[in-house]
Novice: 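Quick one: the structure is below, and I'll ask about it shortly.
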Amino acid sequence: MDRIRRFVFQRSFQVRDCDHLDEVTVTEPTPAECPACLEAGAKWVHVRMCMTCGRPGCCDSSELEHARKHHEDTGHPVIRSVEPSESWGWCYLDEACLTHSDYVKRHE
């Protein structure tokens, strides 16, 4: 599954390094809801969590793209999915699809 996700997101099967894993401080997922969407009365498709500060936000497939906007506003580079049975991550700056072991190993 990681290989397929990597191809879909990166348009390549190649494993890309992420130079921003040292900024990961939060690895445990937050609730799968987007507070900004709840406040705006909007609907989201999936929720991602900032791995620097833990803020949840809706994904790029959602109308308001709160996770990406949080990255653009703060520069926090790495997010992860908080959807049930998903634990992959994404680095906006390196455009790298990350597996759970990529970011957990660095913080054990």
Side-chain angles (χ1 to χ4, degrees):
M1 186 59 129
D2 290 330
R3 187 171 154 81
I4 294 168
R5 184 173 288 113
R6 190 177 300 119
F7 184 77
V8 170
F9 291 149
Q10 296 179 173
R11 302 206 181 7
S12 166
F13 289 116
Q14 179 182 2
V15 174
R16 292 186 186 162
D17 290 330
C18 173
D19 294 328
H20 304 93
L21 291 175
D22 58 337
E23 296 184 43
V24 169
T25 60
V26 181
T27 58
E28 291 302 311
T30 58
E33 57 185 33
C34 178
C37 282
L38 286 172
E39 187 177 309
K43 295 183 180 181
W44 61 87
V45 178
H46 298 288
V47 177
R48 310 298 181 227
M49 177 190 78
C50 173
M51 294 183 70
T52 300
C53 69
R55 181 180 174 92
C58 57
C59 68
D60 286 0
S61 296
S62 302
E63 181 182 353
L64 300 176
E65 299 180 355
H66 287 116
R68 180 173 293 278
K69 287 180 182 168
H70 176 72
H71 158 68
E72 291 169 353
D73 291 345
T74 64
H76 296 169
V78 182
I79 60 167
R80 70 164 280 181
S81 174
V82 296
E83 295 299 317
S85 74
E86 292 185 356
S87 60
W88 57 270
W90 177 256
C91 178
Y92 287 109
L93 299 177
D94 292 318
E95 296 186 348
C97 191
L98 308 168
T99 65
H100 184 258
S101 61
D102 289 332
Y103 52 82
V104 171
K105 277 191 270 185
R106 301 222 12 175
H107 298 283
E108 288 182 332

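Please read these numbers as outputs of a predicted model, since none were measured by experiment.
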Novice: Determine, stepwise, if the pair Arg48 / Glu86 fulfils side-chain contact (heavy atoms from CB on, under 4.5 Å).
Specialist: CA-CA 10 Å; Arg48 310 298 181 227; Glu86 292 185 356; 4.0 Å; yes
Novice: Find the distance between NE2 (His46) and OG (Ser81) and round it off to the nearest 0.5 Å.
Specialist: 7.5 Å
Novice: How would you list, by chain and number, every residue that makes a side-chain hydrogen bond (donor to acceptor under 3.5 Å, both in side chains) with His70, sequence neighbours excluded?
Specialist: His76
Novice: Going by heavy atoms in the side chains, are Tyr92 and Glu72 under 4.5 Å from each other?
Specialist: no
Novice: Sequence neighbours left out, what passes side-chain contact (heavy atoms from CB on, under 4.5 Å) with Leu93? Give chain and number order.
Specialist: His20, His71, Pro77, Cys91
Novice: Please check this pair: side chain of Asp94 against backbone of Asp19, looking for a donor-acceptor N/O pair closer than 3.5 Å.
Specialist: yes
Novice: Say you draw a straight line from CG of Leu21 to CE of Met51; how long is it, rounded to the nearest 0.5 Å?
Specialist: 8.0 Å
Novice: Mind checking the CD-SG spacing from Glu23 to Cys53? Nearest 0.5 Å is all I need.
Specialist: 11.5 Å
Novice: With a 3.5 Å cut-off and sequence neighbours excluded, list the donor-acceptor pairs that the side chains of residues 33-45 form with protein atoms.
Specialist:
none

Novice: Just to verify, what does Val82 make a side-chain contact (heavy atoms from CB on, under 4.5 Å) with, not counting sequence neighbours?
Specialist: Pro29, Thr30, Ala32, Val47, Met49
Novice: If you compare all heavy atoms of Leu98 against all heavy atoms of Cys18, which two are closest, and at what distance to 0.1 Å?
Specialist: CD2-CB, 3.7 Å
Novice: Going by side-chain hydrogen bond (donor to acceptor under 3.5 Å, both in side chains), name the pairs with one or both residues in residues 52-63, residues two or more places apart or in two chains.
Specialist: Asp60-Arg68
